[in-house]
Participant: 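Handing you a structure now.
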Amino acid sequence: MTKIYMDHNATTPVHPNVLKAMLPFLETEYGNASSMHSFGRAAREAVEEARGKVAGLIGPCEPADIVFTSGGTESDNFAVKGAAHALKKKGKHIITSKIEHHAILSPCEFLEKEGYEITYTPVDEYGVVDPQALKNAVRDDTILISVMFANNETGTIQPVEEIAEIAHSKGILFHTDAVQAVGKVPINAEKMGIDLLSMSAHKIYGPKGIGAIYINKKAKITPFIQGGHHERNRRAGTENVPGIAGLGKACELAKSDLESESVRLTALRDRLWNGISANVKDVKLNGHPRKRLSNTLNVSFKYIEGESILLNLDLKGIAASSGSACTSGSLEPSHVLKAMGVDAAVSQGSVRFSLGRANTEKDIDIVVREIPPIIKKLRDMSPLYDSGTRG
Ligand SMILES: *Cc1c(COP(=O)(O)O)cnc(C)c1O
């Protein structure tokens, strides 16, 4: 059975060239980047070369504004808590959105327990934050606005520049969780008015456990990992040199292929949706019809559960996901679809297909062929389907 992987928003395979870039630092070039000898200097050189490549993908911006972290979750925690702690004398109010990743929502809940106030702005039916609503939420004591660049479940892209402008007109810091957007849409952090930006290697064909945060020079945030003087005192700990080299290479590849992959994946994504909607009744596309990541298709199959669809797809060697990977396993409906006003029953039947480099037209056609009989089988067993359409 050929296996088809369509869960790239959960994680991606390491690109062979990324692996090749990492291997020397796991084998012969094992120096500590802080050491003065030749081993250390080789590691330092690799770290700084990678920093330049990361800055290139989200800019060009200043390489010195890039800090390596353990991934998207740490970058998000650093941004939210670091800004909150650095600016607490100015105020304790933060604005975010209802559709953020848990790496933002959980630190916000943590800060609420510390006495901060958080406003969670709503989104429309496509999952887009209304800049006007956000503007209305601004107060004198607002210190940070954090809105994701693109949503991991639906792929919907936010009006980031407009939001940044609102933030800056009021002297408020702006952070964006760009983990899903980096490498998929062109980003220029400086030009877009982004003060803080989170990214992760394993979503762009790099290794797991390494990421970065862009911190504009003008934005001062409080570090929360104390130790040595690494990363200009912003994030202590011996640098993960193989991981950093891998992230750098992943950024370089993402930049060179961004346009061609985006065109290719958009065509595949639309072929998948057209194939599904032509062959299955009662389906709904979740997310913005156009302002959406090229690789992401979130579909609700009414009257049945996403989990059962996934299990049946898995039996055919097809890997997709329901809701987000972090919430699957619990039968809670997705907080993202809920915020978009999707009915809980419809939300239960949602499946996310997230495409990537290895997917071909042939993969799409196989999935389009396999889905209808699975949906028919599950609907025939579903009491909801009986009462909903036949009863
Ligand atoms: C995956 C993801 C994260 C978490 O990144 P990790 O590197 O896995 O910790 C944060 N935000 C979004 C939008 C993501 O998709």
Participant: With side chains defined as the heavy atoms from C-beta onward, is the minimum distance between V179 and N152 less than 4.5 Å?
Facilitator: no
Participant: Walk me through whether I371 and V367 qualify under side-chain contact (heavy atoms from CB on, under 4.5 Å).
Facilitator: CA-CA 6 Å; I371 284 181; V367 175; 3.6 Å; yes
Participant: I'd like to know if R357 and D257 make a salt bridge, using a cut-off of under 4.0 Å between side-chain N and carboxylate O.
Facilitator: yes
Participant: Which of these, L378, L384, I375, sits in a side-chain contact (heavy atoms from CB on, under 4.5 Å) with Y303?
Facilitator: L384
Participant: Within a 6.0 Å radius of atom NZ on K218, are there more than 12 heavy atoms belonging to other residues, nucleotides or ligands?
Facilitator: no
Participant: In this structure, are over 12 heavy atoms from other groups packed under 6.0 Å from K170 atom NZ?
Facilitator: no
Participant: We want to know whether N216 and Y214 form a side-chain donor-acceptor pair, criterion being a heavy-atom distance below 3.5 angstrom.
Facilitator: yes
Participant: Got a sec: does the CD of E45 have more than 12 other heavy atoms crowding it under 6.0 Å?
Facilitator: no
Participant: Is the closest basic N to carboxylate O distance between K92 and D141 below 4.0 Å?
Facilitator: no
Participant: Counting only N and O atoms by type, is there a donor-acceptor contact under 3.5 Å from the side chain of S334 to the main-chain atoms of V336?
Facilitator: yes
Participant: Work out which heavy atom in L173 is nearest to a heavy atom in A219; give both atom names and the distance.
Facilitator: CD1-CB, 3.6 Å
Participant: Run the salt-bridge test on R139 and E117 with the 4.0 Å N-O cut-off and return the result as yes or no.
Facilitator: yes
Participant: First locate atom CG of N295, then atom CG of N9, and finally report the distance between them rounded to the nearest 0.5 Å.
Facilitator: 4.5 Å
Participant: Quick check: closest heavy atoms across A181 and L293, and the distance to 0.1 Å?
Facilitator: CA-CD2, 4.3 Å
Participant: Please determine whether side-chain contact (heavy atoms from CB on, under 4.5 Å) holds for the pair L272 and V368, giving the CA-CA distance in whole Å, both sets of side-chain angles, and the decisive distance to 0.1 Å.
Facilitator: CA-CA 7 Å; L272 180 58; V368 166; 4.0 Å; yes
Participant: Any idea which heavy atoms bring I187 and A178 closest together, and the distance?
Facilitator: CD1-CB, 4.3 Å
Participant: Please say yes or no: joined through hydrophobic side-chain contacts below 4.5 Å, possibly via intermediate residues, are L196 and I194 part of one cluster?
Facilitator: no
Participant: Got more than 12 heavy atoms from elsewhere within 6.0 Å of CD, E259?
Facilitator: no
Participant: Take the angle between the ring planes of F353 and F301 and call it parallel below 30°, perpendicular above 60°, tilted in between.
Facilitator: perpendicular
Participant: Please give me the minimum heavy-atom distance between I94 and A84, naming the atom from each residue.
Facilitator: CD1-CB, 4.1 Å
Participant: Can you list every ring pair (Phe, Tyr, Trp, His ring centres under 6.0 Å) pair that touches residues 275-294, not counting sequence neighbours?
Facilitator: Y126-H288
Participant: Taking atom NZ as the centre, does K338 end up with more than 12 heavy-atom neighbours from other residues, nucleotides or ligands that are less than 6.0 angstrom away?
Facilitator: no
Participant: Could you check V54 against I66 for side-chain contact (heavy atoms from CB on, under 4.5 Å), going step by step and ending with a plain yes or no?
Facilitator: CA-CA 8 Å; V54 175; I66 304 292; 3.8 Å; yes
Participant: Could you list all the ring pair (Phe, Tyr, Trp, His ring centres under 6.0 Å) pairs where at least one residue sits in residues 227-251, not counting sequence neighbours?
Facilitator: none
Participant: If you take all heavy atoms of I204 and C251, which pair is closest and at what distance?
Facilitator: CD1-SG, 4.1 Å
Participant: Please check if any side-chain donor atom of T121 sits under 3.5 Å from a side-chain acceptor atom of D130, or the reverse.
Facilitator: no
Participant: Taking K191 first and then E161, would you say they form a salt bridge - that is, a charged N and a carboxylate O separated by under 4.0 Å?
Facilitator: no
Participant: Any chance the side chains of S300 and N286 put a donor and an acceptor closer than 3.5 Å?
Facilitator: yes
Participant: Without swapping roles, check the side chain of S200 against the backbone of K203 for a donor-acceptor pair under 3.5 Å.
Facilitator: no
Participant: Do other residues, nucleotides or ligands put more than 12 heavy atoms under 6.0 Å from Y120 OH?
Facilitator: yes
Participant: Minimum heavy-atom separation for N77 and A103, please, with both atom names.
Facilitator: ND2-O, 3.8 Å
Participant: Whether K81 engages the ring of F224 as a cation-pi pair (distance to the six-membered ring centre under 6.0 angstrom, angle to the ring normal within 45°) should be assessed.
Facilitator: yes
Participant: Under a 3.5 Å threshold, yes or no: a donor from one side chain and an acceptor from the other, between K377 and N312?
Facilitator: yes
Participant: Ignoring hydrogens and geometry, is there a side-chain-to-backbone donor-acceptor pair from S347 to D343 under 3.5 Å?
Facilitator: no
Participant: Scan residues 144-190 for pairs that pass ring pair (Phe, Tyr, Trp, His ring centres under 6.0 Å), counting only residues two or more places apart or in two chains.
Facilitator: none
Participant: Counting only heavy atoms not in M1, do more than 12 fall under 6.0 Å of its CE?
Facilitator: yes
Participant: So, using side chain to side chain donor-acceptor pair (under 3.5 Å) as the criterion, who are the partners of R292 when residues are at least two apart?
Facilitator: none
Participant: May I have all residue pairs that pass side-chain hydrogen bond (donor to acceptor under 3.5 Å, both in side chains) and include part of residues 236-248, sequence neighbours excluded?
Facilitator: R44-E239
Participant: P333 versus L337: any side-chain heavy-atom pair under 4.5 Å?
Facilitator: no
Participant: Is the shortest distance from a Lys or Arg side-chain nitrogen in R51 or E231 to a carboxylate oxygen in the other one below 4.0 Å?
Facilitator: yes
Participant: Distance alone, cut at 3.5 Å: any donor-acceptor contact between the side chains of T11 and K208?
Facilitator: yes
Participant: Sort and list the pairs that fulfil side-chain hydrogen bond (donor to acceptor under 3.5 Å, both in side chains) and have at least one residue in residues 366-376, not counting sequence neighbours.
Facilitator: K376-D380
Participant: Keeping the roles fixed (side chain from D177, backbone from M148), state whether a donor-acceptor pair exists under 3.5 Å.
Facilitator: no
Participant: For the backbone of G306 and the side chain of S322, can you confirm whether one donor and one acceptor N or O come within less than 3.5 Å of each other?
Facilitator: no
Participant: Is it true that S106 and E109 share a donor-acceptor pair across their side chains at a distance under 3.5 Å?
Facilitator: no
Participant: Scan side-chain atoms only and decide if E153 and H101 contain a donor-acceptor pair under the 3.5 Å cut-off.
Facilitator: no
Participant: Please evaluate residues K291 and T156 with respect to the criterion side-chain contact (heavy atoms from CB on, under 4.5 Å), reporting the C-alpha separation (whole Å), side-chain torsions for both, the decisive distance (0.1 Å), and the verdict.
Facilitator: CA-CA 6 Å; K291 288 178 221 155; T156 294; 5.7 Å; no
Participant: Step by step, work out the side chain to side chain donor-acceptor pair (under 3.5 Å) result for T154 and N298.
Facilitator: CA-CA 6 Å; T154 63; N298 187 311; over 6 Å; no
Participant: Start with the C-alpha distance between Y30 and F25, add both sets of side-chain angles, then the distance that settles ring-ring contact (aromatic ring centres under 6.0 Å, His included), and finish with yes or no.
Facilitator: CA-CA 5 Å; Y30 47 78; F25 305 99; over 10 Å; no
